[in-house]
Participant: 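Sharing a structure here in C-alpha cells format.
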Amino acid sequence: MKFFVDTADVAAIRELNALGLVDGVTTNPSLIKKSGRDFKEVVKEICSEVEGPVSAEVVSTDYDGMIAEGNKLAEIAPNIAIKVPLTWDGLKACRTFTGEGKKVNVTLCFSANQALLAAKAGATFISPFIGRLDDLNLDGMQLIQDIRQIYDNYAFETEILAASIRSANHVSESALAGADVVTCPPAVLQSLVKHPLTDKGLADFVKDWEATGQKI
Ligand code: G3P
C-alpha cells in the first residue's frame with residue numbers, strides 16, 4: 001500500500017520523507033489556505049521534495065476553466081497529478097488530461113457509481129472521502145470495499161486513494177479493504193506507531209536493564 005501525505009506543510013512532508021514514508025502528496029484548496037502560502041510556490045516546493053505524484057486541485061467548476069488551470073498546474077513539475085472534482089465537467093476534464101498522458105486524481109467521491117464513472121474516464125486515482133461519509137453516519141469503509149470489488153470485476157487500473165482519513169483505524173481498514181493508496185494528515189501517519197503496550201514494554205525493559213547495572 002502506498003502512503004500519501006495529505007498536507008501542504010513542507011516541513012512535515014520533509015520529516016516523513018526522511019523515513020521513506022512518503023509515496024506522494026495530496027493537497028486541496030483548504031490545505032493551501034491552512035498553509036498560508038502561495039499555491040504555485042508551495043506546490044513546486046513539494047514536487048521537488050518528493051518523487052511520487054503530488055495532487056494539485058483546480059478551482060474552476062467548468063470544463064474550459066479546469067483545462068486552463070490543469071495545464072498551468074501540469075507545467076509546475078512532471079510529478080503533478082491534476083485534481084478535478086467528481087462532476088460532469090470534472091469527468092470531461094479527466095478524459096482530456098488522461099488522453100494527453102497527464103495524471104489525474106478525481107476527488108470528492110462519495111458513491112460507487114461515481115467511482116465507476118471516474119474509472120471509465122481514465123482517472124489515475126479516485127479519491128473516496130471516508131471521514132466525511134462517517135460524519136453523516138454512513139459507512140465510508142464499505143465504499144472502499146465496493147469500489148475495490150467493482151474495479152477488480154472489470155480490471156480497471158484506476159487506483160483507489162482512500163482520502164478524508166481521520167484515524168489510525170481508517171488506515172488499517174483501508175489496507176484490509178484493498179485501497180491502493182491512503183492519504184493521511186501527518187498526525188495520523190505519526191499516530192500509526194503508537195501502542196500503549198509498546199510504551200509499557202519499553203519502560204519495563206529500560207527499568208530492568210538499569211537494574212542489571214550493565215552497559216552495551
Ligand atoms: O484528501 C481529502 C481530505 O483532505 C479531506 O479530508 O478531513 O477535510 O474530510 P477532510
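Remember, it's a predicted structure, so these values are computed and weren't measured experimentally. Numbering of ligands and ligand atoms starts at 1, following listing order.
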Participant: Can you list the ligand 1 atoms lying under 4.0 Å from a non-hydrogen atom of Phe129?
Facilitator: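 Contacts of ligand 1 toward Phe129, numbered from 1: 2 (C), 5 (C).
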
Participant: Name the closest protein heavy atom to atom 4 (O) of ligand 1, giving the residue it belongs to and the distance to 0.1 Å.
Facilitator: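 The answer is Asp6 OD2, 2.6 Å.
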
Participant: Does Lys92 qualify as a cation-pi partner of Tyr63, given the criterion of NZ or CZ under 6.0 Å from the six-membered ring centre and within 45 degrees of its axis?
Facilitator: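 Cation-pi check for Lys92 and Tyr63: passes.
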
Participant: Could you check Lys34 against Asp9 for salt bridge (charged side-chain N to carboxylate O under 4.0 Å, His left out), going step by step and ending with a plain yes or no?
Facilitator: CA-CA 9 Å; Lys34 194 171 162 193; Asp9 179 342; over 6 Å; no

Participant: I want to know if ligand 1 touches Arg166 in the polar sense, i.e. an N/O pair below 3.5 angstrom.
Facilitator: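 Looking only at distances, the answer is yes, because the N/O contact criterion of under 3.5 Å is met.
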
Participant: Tell me whether Arg132 has any N or O atom under 3.5 angstrom from an N or O of ligand 1.
Facilitator: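 Yes, since at least one N or O of Arg132 sits under 3.5 Å from an N or O of ligand 1.
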
Participant: In ligand 1, which numbered atoms sit nearer than 4.0 Å to a non-hydrogen atom of Ala163?
Facilitator: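 Listed by number with element, the hits are 1 (O), 2 (C).
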
Participant: Heavy-atom distance under 4.5 Å between the side chains of Cys184 and Ile165, does that happen here?
Facilitator: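 Yes - at least one pair of side-chain heavy atoms lies under 4.5 Å apart.
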
Participant: By the definition side chain to side chain donor-acceptor pair (under 3.5 Å), identify the one residue from Asn105, Thr107, Thr183 that meets it with Ser55.
Facilitator: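 Of the listed residues Asn105, Thr107, Thr183, the side chain to side chain donor-acceptor pair (under 3.5 Å) partner of Ser55 is Asn105.
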
Participant: List the closest protein heavy-atom neighbour of atom 6 (O) of ligand 1: residue, atom name, distance to the nearest 0.1 Å.
Facilitator: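 Of every protein heavy atom, Ser164 CA, 3.4 Å lies nearest to atom 6 (O) of ligand 1.
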
Participant: N/O of Asn28 under 3.5 Å from N/O of ligand 1, yes or no?
Facilitator: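 Such a contact does occur with ligand 1.
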
Participant: Answer yes or no: does atom CD of Glu51 have more than 12 heavy-atom neighbours from other residues, nucleotides or ligands under 6.0 Å?
Facilitator: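 12 or below, so no.
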
Participant: Check step by step if salt bridge (charged side-chain N to carboxylate O under 4.0 Å, His left out) holds for Lys40 and Glu75.
Facilitator: CA-CA 10 Å; Lys40 286 188 195 156; Glu75 279 171 13; over 6 Å; no

